[in-house]
Structures are given as structure tokens and as C-alpha cells.
Amino acid sequence: AWVAKNVLSRKIPGDFVECACYKGTSARIICDYVDFANTNKNYYLYDLFEHDDSMVHHAMPDHGITLFDRVKKRFESFSNVIVTKGFVPQILDEISPENISFLHIDLNNAPAEVGALDRLFDRLSAGGILILDDYGWRAYREQKLAEDIWLAARGYEVLELPTGQGLVIK
Ligand SMILES: C[S@@+](CC[C@H](N)C(=O)[O-])C[C@H]1O[C@@H](n2cnc3c(N)ncnc32)[C@H](O)[C@@H]1O
């Protein structure tokens, strides 16, 4: 919520992106907090919404065939929120914004998180902010290790927040 408010008040160009949104809870809190419907930005939300055992990440209780429709309904009053069902990172080649001010990555899946960085980090505007949701949590160590290498190669170091989230200001 702080990041959303911050990039809006600093007028950082670009849309908001969340990979992935699950039930849309974080995104809905942010939309309400910053009155997102009355901004000139779009909010791109991605998820698979369903789970099978071949996937690297773990299942969550609300995964299933109805979740995509439930999340779309949750955002029906926001014409500038685009909910897309698909596999990150490949789905980003089909639908994703050219410019980003807030990039929230929360896939619990190291290869997919690095794939999202590969596709989207270059589109983050100067002054835009990246949040790596589970960066500091030991259960998701693989993500942190991969992301540290990826970002260090581009001259960035992640600030770990007390929440366990990682923050990078471009
Ligand atoms: C922790 S949840 C996201 C929670 C959400 N960011 C929030 O704060 O409300 C992680 C989600 O990542 C999704 N996910 C994992 N790997 C994925 C992939 N490769 N493509 C799309 N979604 C993926 C899962 O389906 C799951 O719903």
C-alpha cells in the first residue's frame, strides 16, 4: 500500500502489475487504499487460479475452477483492473504493459519469479518500485538466492523489510 501511494504521489509513469494475485486480496486492499479507479493507470493481475501437482509452487485452499471468475467479480467495479489467467512468465508475452511503476512479484516459485523479472524489470520506470513478496522468508530461500544474483548483475541490492518483503527502487 505504501508503494502504491508513493509511486502515485511521485507521478512515476507506468501501470501496476501483480504476479500473482491468488484471491486478489492485496490488490483489492491497494485499490481501495489509493482509490485506484480514479487514477490514470491500469492494474494487471495474473494467476493460474488452479493447481495441479506438476507445479513447483504449493496449492492454496481457494485454488479451483471458480477462482478466476470470483477474482474478476471482485474487481468488476474497477474498469482499469485487468485480471488474466495464465502461466507466468509466458502469459506476459501475450498481455502486459509497456511501462510499469509498481511491480509486485509473489509467485512462491523461483523460476517463474526470475522469468517475470526477465520480462518486466526493464519496463519498470526510473523511480518505480519492485516488491518481492516472500524475499526474506526461509521457506522461499531459493527465490532470494536467484533474485540476489539476478539483481546484483544489474547493479541493484534488495532492502529486506521487517515483513520479509524485498524492496528495490529503480
Ligand atoms: C501467495 S499467492 C499470491 C497472493 C497475492 N499476491 C496476495 O497477496 O493476495 C501465490 C500465487 O502464485 C500463483 N502462481 C504460482 N506460480 C505461478 C505461475 N507460474 N504463473 C501464474 N501464477 C502462478 C499461485 O497460483 C498462487 O495463487
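The first residue of the sequence shown is numbered 1, and numbering continues consecutively from there. For ligands, and for the atoms within them, numbers begin at 1 and follow the listed sequence. Computed from a predicted structure; not experimentally measured.
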| field | salt bridge (Lys or Arg N to Asp or Glu O under 4.0 Å): pairs with one or both residues in residues 115-131, sequence neighbours excluded | value | D93-R119
| said: Under 6.0 Å from the ring centre and within 45 degrees of the ring axis: does the NZ or CZ of K41 meet both conditions for the six-membered ring of F36? | reply: no
| Residues sharing Y140's hydrophobic cluster, by side-chain heavy-atom contacts under 4.5 Å among ILVMFWY, directly or via others? | W137
| Aromatic ring centroids of Y156 and W150 under 6.0 Å? | no
Enumerate the pairs of nitrogen or oxygen atoms, one from ligand 1 and one from the protein, separated by less than 3.5 angstrom; state names and distance to 0.1 Å.
residue: ligand 1; atom: 6 (N); partner: E18; partner atom: OE2; Å: 2.8
residue: ligand 1; atom: 6 (N); partner: A20; partner atom: O; Å: 2.8
residue: ligand 1; atom: 6 (N); partner: D106; partner atom: OD2; Å: 2.7
residue: ligand 1; atom: 8 (O); partner: S26; partner atom: OG; Å: 2.4
residue: ligand 1; atom: 9 (O); partner: S26; partner atom: N; Å: 3.3
residue: ligand 1; atom: 9 (O); partner: S26; partner atom: OG; Å: 3.3
residue: ligand 1; atom: 16 (N); partner: H57; partner atom: ND1; Å: 3.1
residue: ligand 1; atom: 16 (N); partner: N109; partner atom: ND2; Å: 3.4
residue: ligand 1; atom: 19 (N); partner: V88; partner atom: O; Å: 2.9
residue: ligand 1; atom: 20 (N); partner: V88; partner atom: N; Å: 2.8
residue: ligand 1; atom: 22 (N); partner: L48; partner atom: N; Å: 3.4
residue: ligand 1; atom: 25 (O); partner: D47; partner atom: OD1; Å: 2.6
residue: ligand 1; atom: 25 (O); partner: H63; partner atom: NE2; Å: 3.0
residue: ligand 1; atom: 27 (O); partner: D47; partner atom: OD1; Å: 3.1
residue: ligand 1; atom: 27 (O); partner: D47; partner atom: OD2; Å: 2.8
residue: ligand 1; atom: 27 (O); partner: H63; partner atom: NE2; Å: 2.9

| said: Taking side-chain hydrogen bond (donor to acceptor under 3.5 Å, both in side chains) as the definition, give me every residue that meets it alongside N40, ordered by chain and number, with sequence neighbours left out. | reply: none
| query | So, D32 and R28, do they make that salt bridge, N to O below 4.0 Å? | reply | yes
